[in-house]
There are 2 protein chains.
Amino acid sequence: MPDIALAALEDFAQEVLTLRGVPPEDARIIADSIRFAHAHGKGTHGISRLSIYDARLRKGLMQPLTPLNVLSEAPAMALLDAGDGFGQVAAIRGMDRAVEMARNCGIAAVGIRNSHNFGTAAFVALQAVQAGMIGMVFSNAAPAIAPTGGHKAVFGTNPLAFGFPTPEGVPPILLDMATSQAARGKIRLAATQGEAIPLGWALDPDGQPTTDAEAALAGSMLPVGGAKGYGLSLMIDVLAGLLTGSGFGGGAKNLNTPDGPSRCGHMLIALDLARFLPRAEYDAHIATLIAATKSAGPDGQIALPGERGARFMQGRDGTVPISDAVLARLDALAGDADIRPLGQR
Amino acid sequence: MPDIALAALEDFAQEVLTLRGVPPEDARIIADSIRFAHAHGKGTHGISRLSIYDARLRKGLMQPLTPLNVLSEAPAMALLDAGDGFGQVAAIRGMDRAVEMARNCGIAAVGIRNSHNFGTAAFVALQAVQAGMIGMVFSNAAPAIAPTGGHKAVFGTNPLAFGFPTPEGVPPILLDMATSQAARGKIRLAATQGEAIPLGWALDPDGQPTTDAEAALAGSMLPVGGAKGYGLSLMIDVLAGLLTGSGFGGGAKNLNTPDGPSRCGHMLIALDLARFLPRAEYDAHIATLIAATKSAGPDGQIALPGERGARFMQGRDGTVPISDAVLARLDALAGDADIRPLGQR
């Protein structure tokens with residue numbers, strides 16, 4: 001597995017996307033999101049998706065522009081239409097808008113209609129955190145999870161993320177979780193690499209437990225914690241999908257569906273913590289909370305959500321491993337687009 | 001186990017509470033919450049708590065009045081001080097206020113400082129649902145869950161609830177879950193009845209898996225889905241505890257602590273669905289979603305969140321079983337207060 005510099009990933013993504021008609025400032029958001037994923041140990045949500053975007057853009061299954069037309073608005077909410085454009089662009093711009101309204105109102109929610117997968121949810125929550133706010137992010141996705149008691153996938157692995165600002169020098173608290181027992185990206189990766197998956201992650205199409213990654217992708221993934229995960233996944237399908245006028249109840253499609261746009265939706269909420277307590281007091285209390293959490297077990301054994309991701313690049317030389325299969329696809333893309341391949345940047 | 005009419009439970013609770021100085025309209029909310037718990041199969045959150053309230057009120061560990069002084073407000077948020085009064089009263093009034101602000105702004109959040117356990121979270125979410133809104137409810141609680149990697153309980157079983165309106169005649173979708181693998185009330189009940197608990201629910205004080213309910217109460221409960229449940233529990237501790245100026249990071253206490261008030265907090269959010277799409281369209285889509293969910297498995301095997309609870313009283317004669325131990329405590333309370341015992345109502 002070759003090691004590639006983060007800066008090269010970003011640069012390559014930016015060039016490919018702008019070549020395909022994505023406005024440079026939008027391509028910047030997408031490239032940032034790809035960099036963030038790799039820099040936080042979530043490479044499954046990174047550069048491997050670039051060749052999918054490229055193919056979709058060329059086939060017209062995805063739009064290079066993300067218009068974000070306003071469908072509805074109130075002092076603390078807005079519903080925006082992503083027009084089958086990029087999820088990262090819609091979610092980051094949508095969160096910016098939520099932050100702006102929350103500054104006046106205390107909290108605000110922005111719904112995004114007809115979007116695509118936005119990469120890692122943590123990257124979107126971080127947009128609120130960097131503005132000094134608490135960010136809450138929900139997205140629905142293609143059917144992957146069967147409701148408890150059933151065997152047919154209806155709900156996506158529908159991620160949620162919560163981001164909390166922290167005192168200077170402390171990594172933000174970033175909870176980013178799929179509502180499945182495991183992330184679908186991990187199963188997809190295992191399928192690509194021909195590896196088995198642990199029992200307890202998924203059911204095959206007949207509803208039987210399986211360790212076969214391909215059978216799992218054809219079947220359904222188990223929700224986290226049984227009925228609780230099913231409930232969370234359904235809740236997110238309503239908030240992010242149904243309520244925004246996007247696909248829901250199995251109607252959102254995979255990023256690589258040949259049948260048309262994904263039609264997934266997002267719900268983005270910003271909460272202004274400064275309306276609840278002064279920032280200095282908040283910071284002091286967060287420091288107390290972190291100390292209480294870490295002292296609940298052996299030294300160094302307990303990590304806050306997002307902490308391991310924030311430390312992922314420590315001790316690395318600014319590069320991350322990219323699989324040969326992904327690199328080969330990106331090299332083909334570079335050849336096709338007549339640009340410098342990733343390995344030469 | 002004697003069967004007691006729901007109406008008798010409500011009537012008895014109302015009389016005891018008003019006798020102890022709780023204003024009649026507040027006692028009505030608490031009695032409603034108790035009735036709701038029993039009528040939805042969640043008796044652990046019901047009448048058994050009345051003798052605890054009674055003892056706490058008489059010792060001054062809990063206040064009969066729930067003042068809800070405004071500590072901070074903005075167009076879509078408020079922070080209210082419950083003054084160590086009743087959680088049910090604070091949460092229902094707080095949610096009413098969130099609904100009112102959400103009507104103007106699209107979404108609103110109300111934080112509650114220094115409260116007590118509010119009974120079932122679903123009852124609070126339902127308050128928003130009955131106003132035609134989506135309700136989101138978070139509360140922190142006394143330490144019960146150790147962070148993943150540790151053995152000392154820091155976080156509560158911190159419940160969350162999401163409520164969604166449904167078309168006429170269909171039970172509301174009410175997701176109400178503790179962030180522990182099992183509800184603490186179930187372990188408390190097992191301890192009271194001297195029964196074992198399933199493996200996987202809890203750790204003993206040394207961090208070892210246990211089936212002993214008493215050891216589990218002295219040790220820690222396992223979060224749902226491992227690190228994901230730990231993350232959710234921490235997230236709720238920040239939103240409901242830290243942000244509202246209540247106890248957090250282990251600072252919130254049990255309802256029956258002799259050391260003073262509980263100092264737990266709540267975060268209540270109302271989202272006006274009508275700002276996102278017309279109610280008729282919402283109803284049609286929810287009906288589609290419910291049908292898609294139910295058709296994902298064998299007929300009658302799949303329930304929507306809240307559905308089993310809503311059907312709990314079907315085929316019953318308006319009564320619910322109350323354990324002999326609970327009844328004995330309530331009889332003692334009736335004797336002490338010189339009122340008609342529960343069994344004679």
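Note that the structure is predicted; figures quoted are calculated from it, not measured. We name chains A, B, ... by the order of the sequence lines, and we start the count at 1 in each one.
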Inset, instruction - May I ask you to list the residues in residues 147-154 of chain B that approach chain A closer than 4.5 angstrom, counting heavy atoms only, ordered by number? - result: B:P147, B:T148, B:G149, B:G150, B:H151, B:K152, B:V154
Inset, instruction - Answer with side chain, backbone, both or neither: which region of B:A146 has an atom nearer than 4.5 Å to a non-hydrogen atom of chain A? - result: neither
Inset, instruction - Could you have a look at B:L71, B:I134, B:L242, B:L79 and say which one has the most heavy-atom pairs with chain A under 4.5 angstrom? - result: B:L242
Inset, instruction - Verify the neighbour count for atom CG of B:D206: are there more than 12 heavy atoms of other residues, nucleotides or ligands below 6.0 Å? - result: yes
Legend entry - Pairwise distance OG1(A:T244) to CG(B:L277) - rounded to 0.5 angstrom: 9.0 Å
Legend entry - Max heavy-atom pair count under 4.5 Å with chain A, selected residue of B:D237, B:I286, B:I290, B:I173: B:I286
Inset, instruction - Can you see which heavy atom on A:Y230 is nearest to which on B:P305, and at what distance? - result: OH-CD, 3.9 Å
Legend entry - Where A:A292 and B:G249 come nearest, the two heavy atoms and their spacing: CB-O, 3.8 Å
Legend entry - Heavy-atom proximity to chain A below 4.5 Å, by part of B:A291: neither
Inset, instruction - Could you tell me which non-hydrogen atom of A:I107 sits nearest to which non-hydrogen atom of B:A76, and how far apart they are? - result: CG2-O, 3.3 Å
Inset, instruction - Just give me the residue among A:G225, A:G297, A:C105 that pairs up with chain B most often, heavy atom to heavy atom, under 4.5 Å. - result: A:C105
Legend entry - side chain to side chain contact (heavy atoms under 4.5 Å, CB included) assessment of A:L175 paired with B:K228: CA-CA 8 Å; A:L175 174 67; B:K228 293 185 181 185; 5.9 Å; no
Inset, instruction - Just give me the residue among A:G106, A:G229, A:A296 that pairs up with chain B most often, heavy atom to heavy atom, under 4.5 Å. - result: A:A296
Inset, instruction - Tell me, out of B:A102, B:S220, B:A178, who's got the most heavy-atom pairs with chain A below 4.5 Å. - result: B:A178
Legend entry - Options B:N104, B:T293, B:L304, ranked by heavy-atom pairs under 4.5 Å with chain A, top entry: B:T293
Inset, instruction - Would you please go through residues 263-275 of chain B and name the residues with a non-hydrogen atom below 4.5 Å from one of chain A, in numerical order? - result: B:M267, B:I269, B:L271, B:L273, B:R275
Inset, instruction - Sort by residue number and list every member of residues 157-165 of chain A having a non-hydrogen atom under 4.5 Å from chain B. - result: A:L160, A:F162, A:F164
Legend entry - side chain to side chain contact (heavy atoms under 4.5 Å, CB included) evaluation trace for A:M136 with B:L239: CA-CA 11 Å; A:M136 313 183 195; B:L239 280 185; 4.1 Å; yes
Inset, instruction - Pick one of side chain, backbone, both or neither for B:E73, based on which atoms fall under 4.5 Å of a heavy atom in chain A. - result: backbone
Legend entry - For chain A, the option from B:L243, B:V224, B:L289, B:L234 that forms the most heavy-atom pairs under 4.5 Å: B:L243
Legend entry - With A:Q208 via side-chain hydrogen bond (donor to acceptor under 3.5 Å, both in side chains) - residues at least two apart: none
